[in-house]
Amino acid sequence: MASQTQTTPSFSISLGWWNIYFIAKIALYLQGVINFHPLQNFALLMFILLPVSRVKLNYIRHFIAVIAAAWLLHYDSYLPPLDRLWAQMGQLMQFELSYLIELLGRFVSLQALIGLFALCAGYFILSQFLRVSVLVTVAMLYISFPHVSDPKETANLDSKLSVLPEATANTGQPSPPVIGEINDTTLNTLTADFFTKEASRRVNFNAESSKDAPFDLLLLSICSVAWDDIEIAGLADHPLFKEFDIMFDNFNSATSYSGPAVVRLLRASCGQQKHSQLFTTAPSKQCYLFDDLKALGFKENLVMNHNGVFDSFLELIKKDGDIQADLMSQQGFTPYQKSFDGSDIFRDKQVLDNWWQSRLDNSDDKVVALYNSISLHDGNRIINANSTTSMVSYKKRLNNLLDDLYAFFKTLEASERNIVVALVPEHGAGMRGDRMQISGMREIPAPTIIHTPVGLKVFGKDIQRQGETKHVEAPSSYLALSQLIANILDKDIYQVKQFDPEDLTANLPQTDVVAQNSGSTVIEVDGRYYVSLDGTSWIEYPH
């Protein structure tokens, strides 16, 4: 009888320490941090409650439950799918150990550990007086009832689509409004229509522009800075932003990753392509901005403050962006930062000054140059600085970058040479983070990441601007930048020695806000953002 008593425990409804797991999920759900799928969560709860008489089987049951609970926690969260993590595993293995530890610290903060300890202590005390498992089960039933709003589902069921400005292929004017409920079918249709219309859009460069007075064109492709990052860093009033003649107030970078962003910039003369199409030949040679300018007599320059090895960045932009120029030599530069993969990063001012000196010493009539900087990339650290993490050092690195660009602008101004400079950040740093992504994560092109500060400045001896800085408020993307460059050429501003920003921006095409990475699409509809992680189903983007 004693032996039978040991192998057949009495039945008792108790989750034990599993209560901590479900209490934490209920609390996170009520705070709007995660979603809650009743069927899957109750299946896990019943699996844990099933009485198992044998000790070994009970161990196996709990081992399976731990794996299922971890998967279910991710499934309930707004985080990107796990297959996206595995797809990036090759890149993660190139990160330095210190950066990997820093990333882990963003997932599991000290505050979260303290909260978990308090929860465990509270449960231990309450379990001595209350049937906590019963209370947890009742709470799970309560939040599973339809009257308790689900943050993900409410967005799809209750929102209404009032006006969607859709730019036409030629005029850039909004299409008629679309009225109806926002659901998966509506959003899939809007996305498909967007790419269909974009496929027919082109910027035509006037062949007669080759006779214009010569000037250089410099595109500053800066990694990891959006308006949101600038505001968080408290640098929105930096004097650099007052230098521009034209500013795009609603520019969409269309992606949150560097390679695709630069390819989109280099294909700016055509409408926005799907993410998957960026890695095939462009539909027309006319799409390649540098090719359009080479046909007008410009020569290519390629300048970077890094080696371009990580993720085959240099190879990608040369192949899919159709840049033929070799990377400018970095010999003699002094390393300023160490990258997240341990490679050298050089100070922006040093690299740009070196390139500009080569232009002053060179007799080429006109050059179009791409400068790419990763000074702000997550995981970088300033050499011999005291900043503990890349997030702590971001403000300093951003301030240094803006100071460098401002000083470089003053150098260009003092030279009295003809040059047009466009600041075109690749994407933001994701400093704020949200419910779908931790701070610094850019797997999904979140609204705060794709809203980037794009501006253009005209330099030259005796050239005069008519009027104030022009702020382009319409939704814009790379096609508008290409059209702006074409307008500058058409107006022959260096021959007439003056320009009117209002006139230069009069015919810029609008582009609705659609952004893509591999496996994710974000679209703006009537001021709200929606995200799809499978290409067919959507939720409102959870901030």
Side-chain angles (χ1 to χ4, degrees), residues 169 172 198-210 212 214-222 246 248 251-255 258-273 277-304 313-314 316-327 355 364-373 419-427 452 454-458 472 476-491 493 504-505 507-509 511:
E198 288 297 299
S200 64
R201 305 174 82 187
R202 299 284 189 276
V203 172
N204 296 309
F205 283 80
N206 187 353
E208 294 298 315
S209 298
S210 61
D212 294 344
F215 67 93
D216 289 337
L217 174 62
L218 173 62
L219 303 178
L220 300 172
S221 172
I222 310 298
I246 297 169
F248 289 87
F251 193 95
N252 167 30
S253 69
T255 182
S258 298
V262 179
V263 172
R264 290 188 184 280
L265 172 60
L266 294 171
R267 297 186 179 190
S269 295
C270 283
Q272 186 172 318
Q273 291 184 284
Q277 296 173 324
L278 298 176
F279 311 106
T280 61
T281 304
S284 168
K285 195 74 171 173
Q286 182 185 350
C287 295
Y288 298 109
L289 176 61
F290 276 35
D291 283 349
D292 293 333
L293 295 171
K294 283 195 295 184
L296 301 179
F298 286 83
K299 294 186 178 180
E300 289 181 350
N301 279 184
L302 177 59
V303 190
M304 301 195 306
F313 176 82
L314 178 58
L316 173 70
I317 64 172
K318 293 190 72 169
K319 175 180 175 291
D320 295 316
D322 199 27
I323 285 188
Q324 306 300 321
D326 293 328
L327 178 63
W355 171 77
D364 290 343
D365 283 343
K366 47 191 177 184
V367 161
V368 54
L370 174 68
Y371 173 66
N372 183 260
S373 169
I419 179 171
V420 173
V421 180
L423 173 67
V424 195
E426 299 169 353
H427 50 71
T452 52
V454 174
L456 182 136
K457 171 74 174 176
V458 176
V472 180
S476 309
S477 198
Y478 301 100
L479 193 72
L481 181 64
S482 179
Q483 185 63 63
L484 178 57
I485 294 170
N487 291 348
I488 290 172
L489 288 163
D490 284 342
K491 301 297 182 182
I493 64 174
L504 290 176
T505 58
N507 66 336
L508 298 188
T511 302

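Taking every heavy atom of both residues into account, Trp355 and Ala369 meet most closely at CZ2-CB, 3.6 Å. Closest approach of Gly321 to Val263, counting heavy atoms only: N-CG2, 4.5 Å. Taking each heavy atom of Pro260 and Leu316 in turn, the nearest pair found is N-CD2, 4.3 Å.
Listed by chain and number, the residues in a salt bridge (charged side-chain N to carboxylate O under 4.0 Å, His left out) with Lys319 amount to none (sequence neighbours excluded).
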Between Ser482 and Ser269, does the side-chain hydrogen bond (donor to acceptor under 3.5 Å, both in side chains) criterion hold? Intermediate values first, please.
CA-CA 5 Å; Ser482 179; Ser269 295; 2.9 Å; yes
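Looking at Arg202, its side chain never comes within 3.5 Å of a backbone N or O of Cys287 through a donor-acceptor pair.
In this model, a donor atom of one side chain and an acceptor atom of the other lie less than 3.5 Å apart for Ser258 and His427. Checked by atom type, the side-chain pair Gln272/Arg264 shows no donor-acceptor distance below 3.5 Å. Side chain to side chain, Gln286 and Asp291 fail the donor-acceptor criterion of an N or O pair below 3.5 Å. The closest side-chain donor-acceptor pair between Thr452 and Ser253, if any, does not fall under 3.5 angstrom.
When ring centroids are compared, Phe298 and Phe290 stay outside the 6.0 Å threshold.
Contact annotation: the side chain of Asn372 approaches that of Phe313 to within less than 4.5 Å [non-hydrogen atoms, C-beta and beyond].
One finds a salt bridge joining Lys285 and Asp322 here, because a Lys/Arg side-chain nitrogen approaches an Asp/Glu carboxylate oxygen to under 4.0 Å.
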